[in-house]
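One-based numbering, in listed order, for ligands and for the atoms of each. The model shown is predicted, which means the values in this text are computed figures rather than measured ones.
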Amino acid sequence: MKRKIKRDMQVAETIADVRRIRAGFDQSVGLVPTMGALHAGHLALVKAACADNDAVIATIFVNPTQFGPNEDLSNYPRDLQRDLDSLEAAGVDLVFTPTPDVMYPTDHVTAVEVREITDGQEGAHRPGHFRGVATVVAKLFNITQPTTAYFGQKDAQQVVVIRRMVRDLDFPLDIAVCPTVREADGLALSSRNRYLNAEERAAAPVIYRALQAAGERYEAGERDPAALRDLIQAMIDAEALATADYISVADPVSMAELQEATNHPMLLSLTVRVGPARLLDNSLLPLSLNTRTGLDDTLGNPHARHL
Ligand code: AMP
């Protein structure tokens, strides 16, 4: 544990309060942005931030601009008191819990657009999603002024987008990436897993099994992206309750869909509908890259594309 001072956790709802409290933190400040309904995946980011930094800020904000018109904004799970208790127990110093009007004054007209790397995968299926994400994350960076911000591998394209935004717009901070935290049967933890009934929950681990099967095929020498995509598709198709929205084998920096066999790292990602839930998961290949160091070096990192 790096931190020497243990402060009582503070909760702020206004930008002015965050700036005032932030000004009292010296040296390194870690930021963990979340939409709340916290689970062990979020808390792994908080734990990493607490281990690395002198002070830690978490944010809880269900950002309306990253939800499409037919998505689950109004049903998105919210449990503020429980979240605050978990963050306090984990050692967070400050939690920012703005309302939408604090983040978006009615006359706001500015947004951040990250082009090209948002054209495929989630970007293609959720028009405007990454514009909402990039804009809110840019605002959170400006409000909280972290030295390092922590994001989960679970939302891999989001990591690629944020890293490129940080580079292109010269934000003075580092991005750290933490591996996906999973249930014992491999299902990636997600606030949306609570939409699943018992039968759907039992079907959902097919997503992880398919990623692992493709990973094993890769380790056995397969380098053809189409063969890996087909293997995943066949496994999802074999599960009656699961339907793939897309299955992608992409370059982990440009997010371009791969057509040719390559020995460079690949990002497998997919979104699968199981009942009312749209579940997202991914894996880097080779599988040995699915660690904090592997992710830091590879995912969205233009300096390490030819490992
Ligand atoms: P969300 O509240 O869904 O916006 O997620 C907040 C942060 O937690 C994002 O950086 C996510 O990628 C990360 N996250 C969500 N689920 C997981 C998980 N299962 N393992 C690791 N990180 C996660």
#### Entry: atom 1 (P) of ligand 1 - nearest protein heavy atom and its distance
H42 NE2, 3.6 Å

### Task
Could you check Q145 against V29 for side-chain contact (heavy atoms from CB on, under 4.5 Å), going step by step and ending with a plain yes or no?
CA-CA 8 Å; Q145 310 258 312; V29 175; over 6 Å; no

## Note on the structure
In ligand 1, the atoms that come under 4.0 Å of a heavy atom of H39 are 15 (C), 16 (N), 17 (C)

### Query
Short list, please: which atoms of ligand 1 are under 4.0 Å from a heavy atom of F151?
10 (O)

### Task
For atom 22 (N) of ligand 1, grab the closest protein heavy atom and report residue, atom and distance to one decimal in Å.
G152 CA, 3.6 Å

#### Entry: Shortest non-hydrogen contact from L228 toward M266
CD1-SD, 3.9 Å

### Task
Look at ligand 1 and say whether P179 reaches it with a heavy atom at a distance under 4.0 Å.
yes

### Query
Using the ring of each side chain (for Trp, its six-membered ring), is F141 parallel, tilted or perpendicular to F171, with breaks at 30° and 60°?
perpendicular

### Message
Quick test: of every protein heavy atom, which one is nearest to atom 11 (C) of ligand 1, and how far off is it to 0.1 Å?
### Response
D155 OD2, 3.1 Å

### Query
Do any nitrogen or oxygen atoms of P33 come within less than 3.5 Å of a nitrogen or oxygen of ligand 1?
no

### Task
Decide whether L280 and L187 are clustered together by the hydrophobic rule: side chain heavy atoms of Ile, Leu, Val, Met, Phe, Trp, Tyr closer than 4.5 Å, transitively.
no

### Task
Give the residue and atom name of whichever protein heavy atom lies nearest to atom 4 (O) of ligand 1, and the separation in Å to one decimal.
M35 CG, 3.5 Å

### Query
Do any nitrogen or oxygen atoms of C178 lie less than 3.5 angstrom from nitrogen or oxygen atoms of ligand 1?
no

### SB check D17 R20 (cutoff 4.0 Å)
yes

## Note on the structure
Only residue of R229, Q157, Q121 satisfying side chain to side chain donor-acceptor pair (under 3.5 Å) with S248 is Q121

### Query
Strictly by modelled atom types, are Q66 and N63 linked by a side-chain donor-acceptor pair under 3.5 Å?
yes

### Query
Nearest protein heavy-atom contact for atom 23 (C) of ligand 1: which residue, which atom, what distance?
K154 CB, 3.9 Å

### Query
Regarding N53 and Y150, is there a side-chain donor-to-acceptor distance under 3.5 Å anywhere?
yes

### Summary
Among non-hydrogen protein atoms, atom 20 (N) of ligand 1 lies closest to V181 N, 2.8 Å

